[in-house]
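The structure appears right after this line, and notes come after that.
Counting convention: from 1, in listed order, for ligands and their atoms alike.
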Amino acid sequence: MERPDWAPKDVDIEKASAARLYDYFLGGSYNFEVDRALGRQIEQAAPGVPEFAFLNRAYLRRAVRYMLAQGIDQFLDLGSGIPTAGNVHEIAQNTNLDARVVYVDNEPVAVAHADLILEDNPTAVAIEAELQDHVTVLGHDKTRAVLDFSRPIGLLAVAVLHFLPEGVSPYEVLAAYRQALPAGSYFALSHLTRDVGSDQVDQIIRLYAQSQNPITARGKDDIAGMFAGFDLVEPGIVFTPLWHPESPEDVGDHPDRSGAFVGVGRKP
Ligand SMILES: C[S@@+](CC[C@H](N)C(=O)[O-])C[C@H]1O[C@@H](n2cnc3c(N)ncnc32)[C@H](O)[C@@H]1O
């Protein structure tokens with residue numbers, strides 16, 4: 001397969017990746033034919049997928065705005081993805097010019113593109129790392145230079161924990177991050193679930209197994225368990241569109257069409 005000029009040398013262009021599939025579903029152009037081919041198969045088997053992606057992105061925006069309203073001005077975004085419209089640093093710096101953001105992703109395309117758009121932005125940086133490697137992420141020079149761990153931080157793990165490899169416990173990983181956060185910090189996640197009124201999520205899981213990022217879907221109680229040590233803010237764990245919707249149209253008749261549960265918690 002031909003390697004486009006913009007593709008980093010260490011990127012695997014033979015197998016689709018979650019970052020590039022998500023970019024494809026959102027209408028971006030940082031994906032390869034291998035991603036588009038699998039993306040088309042996924043759309044055919046689960047036509048709701050592009051909507052899942054847009055609803056998830058809208059939730060990310062609402063969660064960041066909520067945290068900003070609570071006085072949070074620095075963010076650690078785990079599994080941040082290929083930058084697209086409405087990135088965390090844009091949302092945050094739109095409200096607070098001094099807001100600080102560390103993006104973490106294990107996909108070279110996501111980090112290369114983030115590096116490019118953050119060139120002139122000294123308070124937003126990107127790190128290429130496995131989020132489960134919390135020692136590297138938390139101890140990274142860039143993390144230490146940008147985030148002040150003596151003040152509350154907004155931790156984001158949006159649409160990423162279902163990609164953790166088998167054998168990696170999201171509970172243990174999150175406990176390590178929680179420990180590093182000062183009191184008053186916030187944590188937001190979204191997570192794929194099978195608890196929906198269709199078999200679309202089963203189709204997604206089946207087809208993502210062909211990508212570099214197989215999926216583990218979880219039920220509401222297991223997802224709620226990821227907030228151990230945080231106080232969930234209202235309305236708790238809900239389907240994506242039900243978390244602080246900005247209009248009735250945001251919710252629609254079938255909020256479970258998002259395929260994911262979301263929530264935000266505060267470290268007491
Ligand atoms: C579906 S995208 C979500 C992007 C963004 N958080 C959002 O919600 O709009 C998932 C991202 O997580 C990244 N990812 C998956 N597993 C990861 C891991 N173990 N460590 C770091 N990043 C990971 C993928 O490369 C991809 O960019």
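Here the protein heavy atom with the shortest distance to atom 10 (C) of ligand 1 is A159 O, 3.3 Å. Of the protein's non-hydrogen atoms, Y22 OH, 3.3 Å is the one closest to atom 7 (C) of ligand 1. Nearest non-hydrogen protein atom to atom 8 (O) of ligand 1 is N56 ND2, 2.8 Å. In terms of protein heavy-atom proximity, atom 19 (N) of ligand 1 is closest to Q132 OE1, 2.9 Å. Nearest protein heavy-atom contact of atom 12 (O) of ligand 1 is V160 CG2, 3.3 Å. Nearest protein neighbour of atom 20 (N) of ligand 1, counting heavy atoms only, is L131 N, 2.8 Å.
Residue pairs satisfying the salt bridge (Lys or Arg N to Asp or Glu O under 4.0 Å) criterion with at least one member in residues 146-167, sequence neighbours excluded, are listed as follows: D73-R151, D148-R151.
Nearest approach of P47 to P50, heavy atoms of both residues: O-CD, 3.5 Å.
Contact of the T95 side chain with the I91 side chain is not registered, since no non-hydrogen atoms from C-beta on lie closer than 4.5 Å. Within the 4.5 Å cutoff, the side chain of L189 has heavy atoms near those of the F227 side chain.
Close approach to G81 involves these atoms of ligand 1, each under 4.0 Å from a residue heavy atom: 4 (C), 27 (O). Interface of A19 with ligand 1, defined as ligand atoms under 4.0 Å from a residue heavy atom, comprises 25 (O), 26 (C), 27 (O).
For P165, no heavy-atom contact with ligand 1 is shorter than 4.0 Å. Counting heavy atoms under 4.0 Å from ligand 1, residue A129 touches it through the backbone alone.
For the pair R144 and F149, the distance from NZ or CZ to the six-membered ring centre is under 6.0 Å and the angle to the ring normal is within 45 degrees.
Not one N or O of E107 is nearer than 3.5 Å to an N or O of ligand 1, by distance alone. At least one N/O-N/O distance between V158 and ligand 1 falls below 3.5 Å. Taking only nitrogen or oxygen atoms, main chain and side chain alike, E130 reaches within less than 3.5 Å of ligand 1.
Using modelled atom types and a 3.5 Å distance limit, the side chains of N31 and Y22 yield no donor-acceptor pair.
Salt-bridge check for R65 with E246: passed, with a basic side-chain N closer than 4.0 Å to an acidic carboxylate O. A salt bridge links E33 to R36: one of the charged nitrogens lies within less than 4.0 Å of a carboxylate oxygen. Using a 4.0 Å cut-off between a side-chain N of Lys or Arg and a carboxylate O of Asp or Glu, R61 and E90 do not qualify as a salt bridge.
Here atom 22 (N) of ligand 1 lies nearest to N106 when heavy atoms of N87, L78, N106 are compared. Closest heavy-atom approach to atom 13 (C) of ligand 1 within the set I127, N213, D133, D105: this belongs to D105. Closest to atom 4 (C) of ligand 1 by heavy atom, among G79, A260, P83, is G79.
Annotation: ring-ring contact (aromatic ring centres under 6.0 Å, His included) contacts of Y103 (sequence neighbours excluded): H89.
With ring centers used as reference points, F261 lies 6.0 Å or more from H191.
Judged by the shortest distance from any of its heavy atoms, A110 lies outside the 4.0 Å radius around the atoms of ligand 1.
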